[in-house]
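Notes for the one structure printed next.
Chain letters run A, B, ... following the sequence lines, proteins first, then strands; residues in each count from 1.
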Protein chains: 2
Amino acid sequence: MSNYTIVNLVASSNLGQTLDLYNLAAAIPDVEYEPEQFPGAIFKLKEPKVSLLLFKNGKIIISGASSEKDIVAGIKKATKLIGEIEKNVKIKASPKYEIVNLVATSSLNKTIDLFQAAVTLDDIEYEPEQFPGAIIRLYNPKITLLLFKNGKLICAGAKSEDDINKSVNKIKKLLKDNKSE
Amino acid sequence: MSNYTIVNLVASSNLGQTLDLYNLAAAIPDVEYEPEQFPGAIFKLKEPKVSLLLFKNGKIIISGASSEKDIVAGIKKATKLIGEIEKNVKIKASPKYEIVNLVATSSLNKTIDLFQAAVTLDDIEYEPEQFPGAIIRLYNPKITLLLFKNGKLICAGAKSEDDINKSVNKIKKLLKDNKSE
DNA sequence: AATCTTTTCATTATATATTAAATATATTTA
DNA sequence: TAAATATATTTAATATATAATGAAAAGATT
């Protein structure tokens with residue numbers, strides 16, 4: 001089992017009702033809507049601290065949570081506030097949603113020679129001038145890792161915690177012999 | 001007496017002989033000369049770690065030292081290396097030089113409300129969007145201070161340590177009543 | 001059919017911005 | 001033609017921006 005910390009969850013859901021985004025933005029101070037800039041309205045909640053993207057067709061995206069609990073709480077709270085304006089929108093006890101992206105941090109607990117890693121591994125990009133971390137792509141599970149020379153890493157694109165576990169274990173194995181002075 | 005740390009000394013001196021900068025750059029690897037870019041040649045020493053600007057007329061500028069000892073050592077070492085190329089240049093036991101700028105850091109040991117300082121003091125500029133520190137100009141001695149909200153400050157433009165002492169004491173007095181929450 | 005727009009989050013390194021001073025060139029402004 | 005600014009060197013302080021990753025959504029643009 002690997003050690004990691006989930007730092008961001010992104011989920012999609014559907015309110016099942018069309019939304020009048022202009023109306024919502026006018027009625028709720030925390031809703032920003034600039035259709036010229038982006039077709040979705042932005043709804044920022046303080047507690048739980050998550051951001052929602054609201055679309056005309058009722059689909060929504062929730063991001064910024066670090067647990068599924070906050071995803072659910074965020075959907076419920078937003079639904080409640082939206083429901084006060086748009087009468088057709090109802091709060092559900094167990095809103096359906098799908099986790100589309102999970103971002104986590106972890107550490108190999110040793111410094112890494114990224115130049116060496118760049119020649120040892122296959123799907124790795126390392127351009128220190130452009131970005132200080134190396135970009136490693138794994139294909140099963142399909143996730144992308146950002147690896148830094150102090151051994152800290154970011155795992156992005158996971159659909160489940162199992163994906164994170166597998167990829168952290170995989171990269172640990174791949175870099176078992178990486179030695180930095 | 002105030003607490004401060006000298007972080008940079010700039011001094012000017014004169015070798016008393018004209019220099020062939022092209023020749024020096026060709027003979028000494030650490031001398032860079034690009035007349036299109038700057039009329040002086042740049043001579044970087046590792047020990048002591050100082051940089052010298054060499055001009056055709058023999059005048060030189062030494063910067064990067066944190067003590068006069070390093071200024072003297074830097075002039076002697078550079079003179080020796082230059083003397084091996086330019087035979088007229090001689091090493092002096094006590095080279096003459098003038099300290100033209102002294103930069104020091106210090107601290108008021110308390111956080112400062114820079115917005116409040118900006119309205120309380122006279123010759124102060126504070127534009128946080130542009131630079132996080134406030135710029136304070138003192139006229140006797142004529143030095144400029146950069147003051148940060150954590151109380152740390154930089155004193156630039158001093159000709160002597162006495163100038164630093166006086167200005168740090170002065171700003172301490174001026175900000176005696178500045179209270180930050 | 002791609003790519004851009006926006007939101008979130010961790011990570012790290014680098015760049016920017018500012019100050020003073022001397023030096024000596026070129027360029028720009030008045 | 002005189003004065004001012006640009007070039008380059010050094011040094012501390014600090015805040016902010018950038019770079020890159022992934023994913024969904026629905027528009028506009030290429």
Side-chain angles (χ1 to χ4, degrees), chain A residues 5-12 34-40 42 44 49-57 59-66 98-105 125 127-133 135 137 143-150 152-159, chain B residues 5-13 32 34-40 42 44 49-57 59-66 98-105 107 125 127-133 135 137 142-150 152-159:
Chain A
T5 305
I6 293 171
V7 296
N8 187 29
L9 277 173
V10 183
S12 71
E34 290 184 62
E36 317 287 282
Q37 208 181 126
F38 188 69
I42 300 153
K44 302 197 182 200
K49 194 181 164 300
V50 299
S51 268
L52 296 99
L53 299 179
L54 314 175
F55 298 93
K56 285 191 294 198
N57 61 6
K59 290 193 178 179
I60 64 173
I61 300 290
I62 310 94
S63 66
S66 49
E98 185 194 351
I99 298 291
V100 295
N101 185 22
L102 222 152
V103 183
T105 61
E125 294 173 48
E127 292 182 60
E129 319 283 276
Q130 199 185 145
F131 187 69
I135 300 155
R137 284 165 217 283
I143 71 106
T144 300
L145 301 173
L146 300 183
L147 176 64
F148 299 91
K149 72 168 195 285
N150 60 6
K152 289 192 181 180
L153 62 89
I154 292 163
C155 169
K159 299 287 187 202
Chain B
T5 305
I6 293 171
V7 295
N8 186 28
L9 278 172
V10 183
S12 73
S13 185
E32 302 290 333
E34 289 184 62
E36 318 286 282
Q37 205 182 129
F38 188 68
I42 299 152
K44 302 197 183 199
K49 195 182 165 300
V50 297
S51 269
L52 296 97
L53 299 179
L54 314 174
F55 298 94
K56 285 190 294 199
N57 60 8
K59 290 192 179 180
I60 64 172
I61 301 289
I62 309 94
S63 65
S66 48
E98 185 194 350
I99 298 290
V100 296
N101 184 24
L102 222 153
V103 182
T105 61
S107 176
E125 292 173 50
E127 291 182 60
E129 316 285 277
Q130 200 184 147
F131 187 70
I135 301 155
R137 284 164 215 283
K142 182 181 169 302
I143 70 107
T144 300
L145 301 172
L146 301 183
L147 177 64
F148 299 89
K149 73 168 193 286
N150 61 5
K152 289 192 180 181
L153 63 90
I154 293 162
C155 169
K159 299 287 186 202

My understanding is that only residues two or more places apart in sequence, or in another chain, count here; which of them pass side chain to side chain contact (heavy atoms under 4.5 Å, CB included) with [X]?
| X | result |
| --- | --- |
| A:K44 | A:I42, A:S51 |
| A:E98 | A:S12, A:V100 |
| B:E125 | B:I135, B:R137 |

Of the nucleotides [options], which has the atom closest to the [X] side chain?
| X | options | answer |
| --- | --- | --- |
| B:T105 | C:dC9, D:dT21, D:dA12 | D:dA12 |
| A:V103 | D:dG27, C:dT11, C:dA10 | C:dA10 |
| A:N150 | C:dT11, C:dT8, C:dT25 | C:dT11 |

- Query: Is the closest side-chain heavy-atom distance between B:S107 and B:L153 below 4.5 Å?
  - Reply: no
- Task: For B:E36, check side chain to side chain donor-acceptor pair (under 3.5 Å) against everything at least two apart and list the hits.
- Result: none
- For B:E32, the side chain to side chain donor-acceptor pair (under 3.5 Å) test, sequence neighbours excluded, returns none
- Task: Would you check if the side chain of A:N101 reaches a backbone N or O of A:G157 as a donor-acceptor pair within less than 3.5 Å?
- Result: yes
- Message: I want to confirm an ordering. Mapping B:V50 and A:L53 to their closest nucleotides on DNA chain D, which one lands closer to the 5' end?
- Response: B:V50
- Item | Residue met sooner reading DNA chain D from 5', once A:I143 and B:G64 are mapped to nucleotides | B:G64
Roughly, in whole Å, what's the span from [atom1] in [X] to [atom2] in [N]?
| X | N | atom1 | atom2 | answer |
| --- | --- | --- | --- | --- |
| B:I60 | C:dT23 | CD1 | P | 12 Å |
| A:L145 | D:dA23 | CG | C1' | 16 Å |
| A:E34 | C:dT6 | CD | P | 10 Å |
| A:I99 | D:dG22 | CD1 | P | 18 Å |
| B:L54 | C:dT25 | CG | P | 13 Å |
| B:L102 | C:dA20 | CG | P | 15 Å |
| B:N8 | D:dT9 | CG | C1' | 9 Å |
| B:N101 | C:dA22 | CG | C1' | 9 Å |

- Message: Taking any heavy-atom pair under 4.0 Å as a contact, classify B:S12: base, sugar-phosphate, or nothing.
- Response: nothing
For nucleotides 17-20 of chain D, give me every protein contact, N/O to N/O, under 3.5 Å, one pair per line with atom names.
{"from": "D:dA20", "atom 1": "OP1", "to": "A:Q130", "atom 2": "OE1", "distance (Å)": "2.7"}

Counting only side-chain nitrogens and oxygens, does [X] get under 4.0 Å of the OP1 or OP2 atom of [N]?
| X | N | answer |
| --- | --- | --- |
| B:K44 | D:dT10 | yes |
| B:K49 | D:dT10 | no |
| B:K56 | C:dT23 | no |

